[in-house]
Each structure stands twice: as C-alpha cells, then as structure tokens.
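Naming convention: chains lettered A, B, ... in sequence-line order (proteins, then strands); numbering from 1 in each chain.
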Amino acid sequence: MTLLTLDVETTLNAPEAFGLAHPMHPFNSIVFLGTKVSGKDPLIFTESFSEHLIVAIDLNKPDFIVGSNMSFDLLYLLRHTKSLEQRKIIQSQRLWDIQLAEYLLTGQQAKWASLDEMSIKYGLPIKDSKVSDYFAQGIGSDKIDSELIIPYLIQDVCNTEAIAMLQMESATKSNQLDLFLSQMEALHCTTEMMFNGLEVDIQTFKDYTVEVATTYADTKVTLEKRSVEFGPAANAYPITDVDSSLQWSKLLFGGTKKVESKEAVGMFKNGKVKYKKVITLVNTFPVSGVIPLDAWKSEKTGKVSVDDKVLSIIVDKTKDPDIKELVLLLQQYREVSKQLSTYIQGLGKHIIEEQETARIYGRLNHVATSTGRLSSASPNLQNISNNPIKKVFVSRYGDDGQLVEFDFSQLEVAVLAHITKDTRLIKDITDGNDIHSELYRNMYGKYPDDATRKWFKRLTFGLIYGAGANTLAENAGCSYDVAKNFIITFYTRYPSVKDWHNIMAGSADKLATYDYVGDIHKLSRTWRWISETKRVYVFSEYKSTYSTSRDYTFSPTELKNYPVQGLATGDIVPMMLGILFRKLIDKPGVKLINTVHDSIMLDVRNDVLTETITEVRSILNKTHEFYEATFGIPLALKLNAGCKVGKNWFELTEI
DNA sequence: TCAACAAGCGCC
DNA sequence: GGGCGCTTGTTGA
C-alpha cells in the first residue's frame with residue numbers, strides 16, 4: 001500500500017466575508033505544499049505545487065492521495081494547475097480523506113474532526129500551537145517564518161499518514177471499505193462542483209435586488225406605521241422593532257413591559273423632593289383575541305410563538321379587521337425580509353467577479369450531518385427559495401448553454417420500499433402508481449383532486465418521517481381521528497413498513513447499552529445500528545417530554561427516518577455523484593455544479609446537450625446496477641430520475 | 001462588547 | 001414527524 005499524503009499552507013488574503021482562507025478566492029494561493037510518500041521522508045515545496053504533486057504521482061503510483069479535509073487542498077491544487085491534463089491526473093487518483101473516514105468510522109459522530117483531535121485519539125504527538133495562533137489572528141503562511149511553519153507542516157503530513165493507515169485497518173475490520181471508497185469518490189465530485197461554482201448573471205441580480213429592496217422598504221414603512229398607530233388598548237405592547245418576534249408575541253398574546261416612574265424617597269436639604277427611578281413590570285393587553293395553545297409556547301422561554309403558522313391562525317380566527325390587516329402585513333414583511341437579507345444580500349456577499357465571470361463558490365460538506373447527507377454552506381445552495389431569485393443562476397456558456405437538473409423521483413419512498421421490502425409499496429412505485437392517491441382512495445373510496453392530493457401528501461411524508469397521530473394531525477391540519485385513520489390505512493396497505501417500524505423500535509429498546517463517559521456510565525442508553533451498506537447510525541435516548549415510566553427514551557422519529565434518509569441521500573446519491581464524476585470529467589462542455597440531496601445539477605454547452613442528457617439519464621436509471629456493483633446487494637426496485645433544462649435555475653422545464 | 005442561544009424560515 | 005444553514009434579536013457573562 002502506497003500513500004501519497006499532502007497538506008497545503010496558504011495565504012489568508014480573502015476578505016472576511018468570504019472566509020479568509022477561501023480556496024477559490026483570487027487573492028489566495030498556496031505558500032507551502034507538504035507531501036509524504038509511504039516509507040519516505042516528507043518533502044516541502046514552495047513553488048510549482050501542482051507540478052510537484054504530479055511528479056510524485058507519476059513516480060510513486062500511489063494507491064491513495066491522503067489528506068484531511070481534502071477538498072480544501074484539492075481546490076487550491078486544481079486552481080494552481082496550468083492545463084486540463086494536469087487536472088485530470090490529480091482527479092484520476094483515489095482519495096482518502098481522514099476527516100471523512102473518521103466521520104464514517106464513528107457513525108457520523110465525529111463531525112469536522114480536526115487533525116489535532118484525531119492525533120490525540122490515535123496516540124500521535126500533537127503540534128505546537130504557535131502557528132495555529134498566527135492563523136487564528138488571520139496571519140497567512142506567507143507572513144510566518146518558514147523556520148516555524150515547516151516543522152509544523154512536516155508533523156501534519158506525518159500524522160495524517162499515520163492516521164490514514166490506522167483508519168484503513170479499522171475500516172477493513174468493520175467491513176466498511178466499499179462505503180468508504182464510494183464516499184471518497186463522491187468527495188471528488190463535490191470538490192469538482194465547488195471548483196466549477198455557479199455562474200451568476202450580475203444584471204439580473206442587480207435588477208432583482210432593486211425590485212425586492214423597494215418592496216421591502218415599502219412594506220416595512222407601512223408595517224411600522226400600522227404597528228405604532230395600532231392601539232385598541234392603551235396598555236398594548238409597543239412595537240419598536242418589527243423584526244422582533246418577542247415584541248410581536250407580547251403585543252398579540254400579552255406579556256410584560258417595563259414602565260418607568262418616579263417615586264418620592266425623601267427630601268433634599270434645600271426642600272426639594274428627592275425622587276428615585278422605579279421600574280415596574282406591567283402586564284400588557286393581548287390584542288389578538290386568540291387564546292394561544294400550550295403547544296405554541298416555547299419549552300425553554302415560555303414565549304408564545306408568532307411564527308407563520310400561528311399568524312395564519314390569528315388571521316383566520318380574529319374578529320377584528322385591524323388585527324387581521326396588521327398580521328397579514330407582518331406575514332408579507334417577514335417573507336420579503338427573508339428574501340432580501342438571506343437570499344439577496346446573503347448571496348451577494350459570496351459573488352466572486354473575475355474577468356468575464358461572476359460566480360458563487362459554495363461549500364459542500366461531507367462531515368456535517370448525523371445521517372450522512374451532504375450539507376451546503378457559505379452560501380447554503382441547498383435552500384435557495386423556489387422563486388425568481390433562482391433566475392440569477394445561469395449557464396456559464398451564456399446563450400450557448402443550459403442548466404440541467406436531474407432529480408430522483410420519490411427517492412425516499414423508494415428507499416423505504418427497499419429497506420422494508422414491502423411488496424405492495426415496491427409494486428406501487430414500480431408500476432408508477434401514485435401512492436398518495438391510492439392511499440386516499442383506500443381511506444375515502446375515491447381518488448383525490450389536485451388540491452386534496454397536495455394536502456394529503458403531507459400525511460404520507462409525515463408518517464415516513466416518523467410522526468405519530470398527534471403531530472400528523474397538527475402538521476396536516478386535520479383531526480386526530482383522520483390522522484389515526486391514515487396511519488391505519490398506510491400500515492394496512494404497506495404492512496412491512498409497519499413491521500419494520502416496530503422492529504426498529506423494539507431492537508433499540510432491547511439492544512441498547514449504557515456507554516461510559518470516563519468511568520461513569522451515562523444516564524441514557526445508546527444503540528449503534530449498522531445498515532446493509534455498513535453505515536453506522538448512533539441513536540441516543542432523550543429525556544422524555546411526557547411523564548412515562550422511564551426517564552429516557554429513544555426518538556421513534558429518528559429510528560424511522562435516519563436509515564431511510566441515510567441510505568437515500570447519504571449513500572445512494574453520493575455513490576451516483578462518484579459514478580457521474582468519472583463518466584463526465586473528460587467531457588468538454590459539461591460541468592458538474594451542484595447537488596441538492598436528491599438532485600444533481602449540470603451546466604452544459606448546447607452542442608453536447610442532447611447527448612449529455614441521454615447519457616446521464618441512462619446512468620441514473622441504472623442506479624440499481626451500480627448499487628449492487630458497489631455494495632454487493634441488489635436493490636429491491638429500480639430508481640428513476642427526471643430531468644429539467646433551462647436558461648436559468650428558475651425557469652427549468654421537464655423534458 | 002461579544003458569544004451563545006432562540007426564533008424563525010428557506011430547502012429536500 | 002426527519003435532516004440542514006443563515007439572519008436577526010435577545011440574553012448574560
């Protein structure tokens with residue numbers, strides 16, 4: 001086994017808003033590259049970084065390139081390459097990221113494990129903190145004495161290599177290598193996506209900014225005016241900040257306000273009365289006229305929620321037209337304010353303009369979630385509103401290209417069918433039956449219309465996520481009896497789903513053990529469950545909300561959902577990301593640019609559009625074959641992917 | 001003054 | 001009901 005371990009030290013020149021070390025920022029570059037080949041001494045390079053790496057690959061033919069949080073290093077190295085050929089050599093290698101490996105080995109418990117943390121765990125010497133202190137102060141490697149940084153870098157690569165060796169041994173023992181290798185391929189893919197970034201149309205962005213900012217300003221002024229004018233009761237809580245949910249709660253549902261008054265406490269020698277400022281708490285009048293449910297009250301603060309759901313209930317129930325108008329206005333304000341601050345200003349901060357391009361380079365994280373899903377940050381490109389803001393994301397090829405989005409159809413339901421092996425659910429999905437409509441018919445004897453189906457879907461998803469009848473009713477806005485009846489209908493139609501839910505709950509209770517923290521055992525138990533892909537899930541007991549016989553219980557929702565979410569969007573989608581990466585990386589005019597849980601987005605030049613869509617579709621429709629080839633287990637049903645194409649992310653049409 | 005927490009809300 | 005990340009206001013050291 002030959003490992004080629006690497007670590008880069010870089011400048012920290014990007015503006016604060018980007019994160020000083022942003023690997024795609026033009027102000028940043030590598031200062032030192034440290035490499036180590038198994039059995040040899042480490043080497044330090046101060047120039048021609050990618051060339052040196054390529055020479056090392058060529059000479060040593062490593063089995064793996066090893067690093068910690070490798071996408072960081074790889075993005076720098078890819079940026080430093082001078083040709084596509086050089087990039088291909090780096091990207092042809094297999095990877096072993098010790099941070100990702102640690103995350104998988106610990107059942108997603110070690111999130112963002114640092115090299116220091118791992119060094120301690122694996123019994124290795126940890127480094128002097130002087131260099132880390134400089135980094136913490138925003139001083140880049142170019143400004144640090146190389147006498148100081150070189151030993152630091154050498155120790156890093158040595159520890160990284162040693163950790164990788166121990167992890168490989170461990171992963172082999174636990175039979176997890178298939179999963180690890182698949183996940184490392186996915187890491188290559190997401191690194192490529194981060195490298196490519198998303199092209200932004202600056203003019204569209206500016207126009208949309210003006211539009212939303214205007215609406216925002218108008219709405220805010222009106223809302224402020226109305227909230228001040230408003231006062232059927234003299235002691236209603238005064239709104240001084242329309243962004244404060246606390247103030248709205250006190251206005252709508254009552255609370256306390258501080259009232260300042262003067263109190264005579266005696267007399268000065270000159271005969272004047274001596275006063276003291278006194279602050280008294282006064283109860284304020286609840287203007288909404290709606291009695292809040294206990295469920296709306298925060299457990300920790302006792303505050304009554306004024307989220308959108310509660311506001312809608314007030315709008316429905318209130319008899320006072322002024323209240324209704326005020327609350328509707330608040331809902332409008334909340335919406336436009338979210339758009340402006342999170343999406344317009346938030347995205348704007350991340351645009352990097354260079355020569356002819358304007359791009360957003362977000363981060364796709366592999367070590368952030370409990371289920372193995374990917375997450376996205378800086379900015380989060382997985383929660384962009386489905387509204388015209390998405391028009392700003394366009395093809396980098398301009399009029400000569402299109403954005404293409406592939407979506408797995410009802411992925412989590414299909415994966416539930418696979419896990420539970422429920423024959424009816426497998427048949428429904430395979431035959432293309434709409435499970436929501438079928439369940440509705442089972443319950444009511446007829447098929448639903450479109451609006452009814454849309455409402456009814458919430459019940460299906462709620463159940464898959466593990467909700468009980470109470471929460472189901474609350475969330476879907478139906479009676480407890482309807483929710484209860486739905487659960488019976490679902491479990492009757494798909495009995496193996498019921499069995500599996502019961503088995504998970506029963507096994508957790510039966511097989512859980514008390515872990516030790518130091519030498520004291522924890523009050524709550526832990527259950528480690530290993531999936532067929534050998535991904536480990538860790539379930540812990542929580543303090544019961546209800547007063548049951550036991551103080552701590554497992555969350556049934558976690559037990560029901562982790563395995564489904566994990567297999568679907570933690571194992572299967574990343575596996576396909578890795579496969580697509582290998583198939584598409586050599587193709588001119590095709591760029592992998594983003595993934596949102598069950599979807600994969602490409603930027604494609606028009607001259608290769610048709611062939612690319614045909615190829616990707618055919619690959620994704622063979623997901624079951626890749627699954628069996630990767631994990632040695634047949635998938636109980638075929639997965640299907642849809643495809644949408646368009647000039648921008650908002651205007652995509654199904655093809 | 002700053003960091004942590006809470007509320008709220010966007011996506012799958 | 002599950003999983004995230006970002007923005008704003010609040011709170012408390």
Side-chain angles (χ1 to χ4, degrees), chain A residues 17 108 111 239-250 296-311 330-331 333-347 349-350 362-387 389-390 405 407-413 415-416 458-476 483 486-487 490 501 504 537 539 555-570 573 594-600 649:
Chain A
Q108 296 78 241
K111 300 181 174 88
I239 302 285
T240 58
D241 182 350
V242 290
D243 287 320
S244 166
S245 60
L246 182 60
Q247 293 186 9
W248 284 108
S249 179
K250 289 179 173 181
W296 300 353
K297 285 178 189 151
S298 153
E299 210 151 283
K300 285 180 181 156
T301 62
K303 199 200 95 174
V304 180
S305 167
V306 280
D307 67 13
D308 196 61
K309 188 192 70 186
V310 170
L311 295 185
L330 174 59
Q331 285 181 302
Y333 172 74
R334 289 249 180 102
E335 195 182 338
V336 69
S337 138
K338 178 83 175 173
Q339 289 308 308
L340 186 64
S341 57
T342 301
Y343 296 109
I344 292 181
Q345 293 167 348
L347 287 175
K349 277 187 248 177
H350 291 93
R363 291 168 32 188
L364 285 162
N365 304 314
H366 288 243
V367 292
T369 70
S370 301
T371 58
R373 258 197 180 178
L374 304 182
S375 82
S376 167
S378 312
N380 182 351
L381 295 168
Q382 292 181 327
N383 76 340
I384 308 293
S385 292
N386 287 319
N387 70 25
I389 184 65
K390 279 192 171 169
E405 189 179 70
D407 271 72
F408 283 101
S409 6
Q410 37 186 349
L411 179 64
E412 297 210 352
V413 183
V415 164
L416 179 70
R458 299 169 73 102
L459 292 170
T460 312
F461 284 108
L463 189 139
I464 293 170
Y465 289 150
N470 276 314
T471 32
L472 224 48
E474 155 114 19
N475 196 258
F486 172 78
I487 294 175
F490 190 100
H501 282 171
M504 289 301 286
Y537 299 90
F539 301 100
S555 154
T557 50
E558 282 183 5
L559 292 167
K560 292 172 191 171
N561 189 50
Y562 277 24
V564 177
Q565 187 186 115
L567 182 61
T569 53
V573 174
N594 196 19
T595 174
V596 186
H597 307 309
D598 64 354
S599 76
I600 297 164
W649 198 358

- Test side-chain contact (heavy atoms from CB on, under 4.5 Å) on R334(A) and S245(A) and set out the steps. CA-CA 10 Å; R334(A) 289 249 180 102; S245(A) 60; 4.2 Å; yes
- Item | Check against side-chain contact (heavy atoms from CB on, under 4.5 Å), V415(A) and Q565(A) | CA-CA 8 Å; V415(A) 164; Q565(A) 187 186 115; over 6 Å; no
[X] side-chain proximity, nearest of [options]:
X	options	value
T557(A)	dG3(C), dG5(C), dG2(C)	dG2(C)
N561(A)	dG3(C), dT7(C), dG2(C)	dG2(C)
E558(A)	dG3(C), dC4(C), dG9(C)	dG3(C)

With rounding to the nearest 0.5 Å, note down the distance linking [atom1] in [X] to [atom2] in [Y].
X	Y	atom1	atom2	answer
N475(A)	N470(A)	CG	CG	12.5 Å
Q382(A)	N365(A)	CD	CG	9.0 Å
T557(A)	L463(A)	OG1	CG	12.0 Å
Y465(A)	E412(A)	OH	CD	5.0 Å

Distance in angstrom units between [X] [atom1] and [N] [atom2], rounded:
X	N	atom1	atom2	value
R334(A)	dT7(C)	CZ	C1'	13 Å
Y562(A)	dG3(C)	OH	C1'	8 Å
H597(A)	dG3(C)	NE2	C1'	7 Å
N365(A)	dG3(C)	CG	P	17 Å
L416(A)	dG2(C)	CG	P	17 Å
L567(A)	dG3(C)	CG	P	17 Å
E412(A)	dG2(C)	CD	P	13 Å
K349(A)	dG5(C)	NZ	P	16 Å

When all nucleic acid strands are considered with a 4.0 Å heavy-atom cut-off, which category describes [X]: base, sugar-phosphate, or nothing?
X	answer
D307(A)	sugar-phosphate
S305(A)	sugar-phosphate
K300(A)	sugar-phosphate
G346(A)	sugar-phosphate
S298(A)	sugar-phosphate
V564(A)	nothing
S599(A)	nothing

- Does S370(A) put a side-chain nitrogen or oxygen below 4.0 Å from OP1 or OP2 of dG3(C)? no
- Under a 4.5 Å cut-off applied to non-hydrogen side-chain atoms, are V596(A) and D407(A) in contact? no
- Message: Could you check whether any side-chain heavy atom of H597(A) comes within less than 4.5 Å of a side-chain heavy atom of R373(A), counting everything from C-beta outward?
- Response: yes
Short question: side chain of [X], backbone of [Y] - any donor-acceptor pair under 3.5 Å?
X	Y	answer
S376(A)	L381(A)	yes
S298(A)	K303(A)	no
E405(A)	S599(A)	no

- Note on the structure: For W649(A), the ring pair (Phe, Tyr, Trp, His ring centres under 6.0 Å) test, sequence neighbours excluded, returns F393(A)
Under-3.5 Å N/O pairs linking protein and nucleotides 10-13 of chain C:
residue: dT10(C); atom: OP1; partner: S244(A); partner atom: OG; Å: 2.7

- Earlier contact from the 5' end, DNA chain C, for L347(A) and K111(A): K111(A)
- Message: Below 4.0 angstrom, which residues in residues 379-387 of chain A have at least one non-hydrogen atom near DNA chain C?
- Response: N380(A), N383(A)
- Residue-level proximity of residues 336-345 of chain A to DNA chain C when a heavy atom falls under 4.0 Å: K338(A), S341(A), T342(A)
- Task: Could you list where the contact with chain A starts and ends along DNA chain B, reading 5' to 3', using a 4.0 Å heavy-atom cut-off?
- Result: dA6(B) to dC12(B)
- Checking side-chain contact (heavy atoms from CB on, under 4.5 Å) for the pair N383(A)/Y343(A): CA distance, chi angles, key distance, verdict? CA-CA 9 Å; N383(A) 76 340; Y343(A) 296 109; 3.6 Å; yes
- Message: Looking at Q331(A), I want to see if its CD is surrounded by more than 12 non-hydrogen atoms of other residues, nucleotides or ligands under 6.0 Å.
- Response: yes
- Residues in salt bridge (Lys or Arg N to Asp or Glu O under 4.0 Å) with K297(A), at least two apart? D294(A)
